[in-house]
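Written out below as structure tokens is the structure these notes cover.
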Amino acid sequence: MSKLPRSFYTGGDVTNIARALLGKFLVTRSGRTMTAGIITETEAYAGVDDRASHAYGGRRTGRNEVMYGQGGFAYVYLCYGIHHLFNVVTNAEDIPHAVLIRAIHPIAGIRTMERRRDRAPLTTGGPGTLSQALGISTALNGTDLLGNTIWIEDRGLIVPRRSILTGPRIGVGYAGSDALLPYRFRIDPRNFAAWNDDKDRRDHARIR
DNA sequence: CAGCAGATTGACT
DNA sequence: GTCAATCTGCTGC
């Protein structure tokens with residue numbers, strides 16, 4: 001396994017990082033319990049110029065403070081008073097870019113995730129549900145993604161560009177013309193459904 | 001301080 | 001399709 005280095009988060013455009021996160025393994029640890037899934041959907045939030053971003057116009061509050069820190073930290077906030085949404089902070093200090101993780105494909109610790117979700121079948125196809133399955137809450141806001149609580153690994157899974165669907169972000173109609181920006185990225189579900197073998201995914205499978 | 005909207009989800013008509 | 005759950009931050013009185 002190779003944990004993504006700080007430079008992955010601090011270098012490059014937030015939309016490129018959002019694309020590059022597809023196919024990476026998001027892992028959480030709580031005591032001896034590990035859970036993990038493949039990132040299948042992301043959205044980029046481009047800081048002070050992006051009307052959909054919590055940091056639009058330089059807005060800085062207790063909630064979004066971590067966005068203004070260095071890249072490679074977790075920004076977790078409460079949405080609709082109920083759902084804990086997990087974001088990866090990118091870029092340098094004082095440049096509040098972030099990537100919302102919108103969906104994962106469960107890989108490890110399925111039983112634990114089912115228990116946390118307290119629901120059958122296990123679903124991790126939305127930003128709120130994946131956070132719950134992985135045990136991510138606002139208590140983990142500000143967590144260093146180079147630590148051993150939440151991290152992201154490159155396990156060699158290759159996602160060809162033609163397997164990536166691009167489109168406008170979900171639920172940001174309030175953002176005016178910025179709502180139309182093509183900042184949502186996901187692995188083509190038809191393509192993903194063709195993977196029938198979880199072992200292949202674990203062992204450096206290739207999406208075609 | 002009241003009211004409201006929000007990077008959502010699941011239950012229900 | 002409708003709607004409630006319920007915390008944060010913004011707007012207006």
Side-chain angles (χ1 to χ4, degrees), chain A residues 9 13-22 24 26 28 35 37 39-69 71-91 95-106 110 113-143 145 150 152 164-187 189:
Chain A
Y9 303 106
D13 181 86
V14 66
T15 58
N16 289 335
I17 296 173
R19 243 189 305 264
L21 282 169
L22 296 176
K24 299 295 189 290
L26 175 58
T28 60
T35 44
I39 296 171
T40 57
E41 181 176 344
T42 62
E43 282 178 358
Y45 286 85
V48 299
D49 299 319
D50 180 357
R51 290 164 74 183
S53 170
H54 288 168
Y56 174 63
R59 208 178 332 153
R60 193 165 183 160
T61 66
R63 179 177 70 161
N64 73 4
E65 179 62 28
V66 67
M67 293 182 82
Y68 287 84
F73 287 78
Y75 170 43
V76 187
Y77 78 95
L78 203 54
C79 186
Y80 292 100
I82 300 175
H83 306 290
H84 301 253
L85 270 51
F86 170 68
N87 297 253
V88 172
V89 175
T90 74
N91 219 298
I95 302 180
H97 291 184
V99 176
L100 170 69
I101 307 301
R102 284 197 64 89
I104 62 166
H105 177 84
I110 310 281
M113 292 195 266
E114 288 174 340
R115 190 170 63 251
R116 286 175 177 150
R117 289 279 295 134
D118 192 27
R119 222 171 234 98
L122 173 64
T123 54
T124 53
T129 60
L130 78 86
S131 292
Q132 188 179 27
L134 291 171
I136 296 172
S137 75
T138 55
L140 297 178
N141 184 41
T143 299
L145 300 181
I150 311 174
I152 302 175
I164 299 177
L165 303 180
T166 303
R169 293 169 292 187
I170 301 296
V172 296
Y174 58 89
S177 57
D178 286 349
L180 303 175
L181 292 170
Y183 283 2
R184 177 185 182 217
F185 308 97
R186 61 196 165 111
I187 296 175

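Quick note on labels: first sequence line is chain A, next is B, and so on, each numbered from 1.
For the pair A:R59 CZ and C:dG9 P, the computed distance is 10 Å after rounding to whole Å. Nucleotide B:dG6 holds its C1' atom 11 Å from the CG atom of A:L85, rounded to whole Å. In this entry the distance linking OH of A:Y80 with C1' of B:dG10 reads 14 Å, nearest Å. Rounded to whole angstrom, the span from the NE2 atom of A:H83 across to the P atom of C:dT8 amounts to 15 Å.
Checking A:R117 against A:Q132 by side-chain atom types alone, a donor-acceptor pair falls below 3.5 Å. If you check the side chains of A:T129 and A:R119, you find no donor sitting under 3.5 Å from an acceptor.
Across all strands shown, the partner of B:dG10 is C:dC3, judged by Watson-Crick or G-U wobble contacts whose two distances both fall under 3.5 Å. B:dA2 is paired with C:dT11 under the Watson-Crick or G-U wobble criterion, all donor-acceptor distances under 3.5 Å.
A:T124 and A:A133 get closest at one heavy-atom pair: CG2-CB, 3.7 Å.
Within a 6.0 Å sphere centred on OH of A:Y183, heavy atoms belonging to other residues, nucleotides or ligands number 12 at most.
Comparing the C1' positions of C:dT8 and B:dG10 gives a spacing of 22 Å, expressed to the nearest Å.
Looking at the side chain of A:R102, the nearest of the listed nucleotides B:dT8, C:dC7, B:dG10 is B:dT8. Side-chain proximity of A:L78 to C:dC7, B:dT9, B:dG6: nearest is C:dC7. When the nucleotides B:dT8, C:dG9, C:dA5 are ranked by their closest atom to the side chain of A:I82, C:dA5 comes out on top.
Nucleic acid contact class of A:T129 (heavy atoms, under 4.0 Å, all strands): sugar-phosphate only. When heavy atoms are screened at a 4.0 angstrom cut-off, A:R63 is found touching the sugar-phosphate backbone but no base atom.
When each of A:V172 and A:R117 is assigned the nucleotide of DNA chain B with its nearest heavy atom, A:V172 is the one assigned upstream, toward the 5' end.
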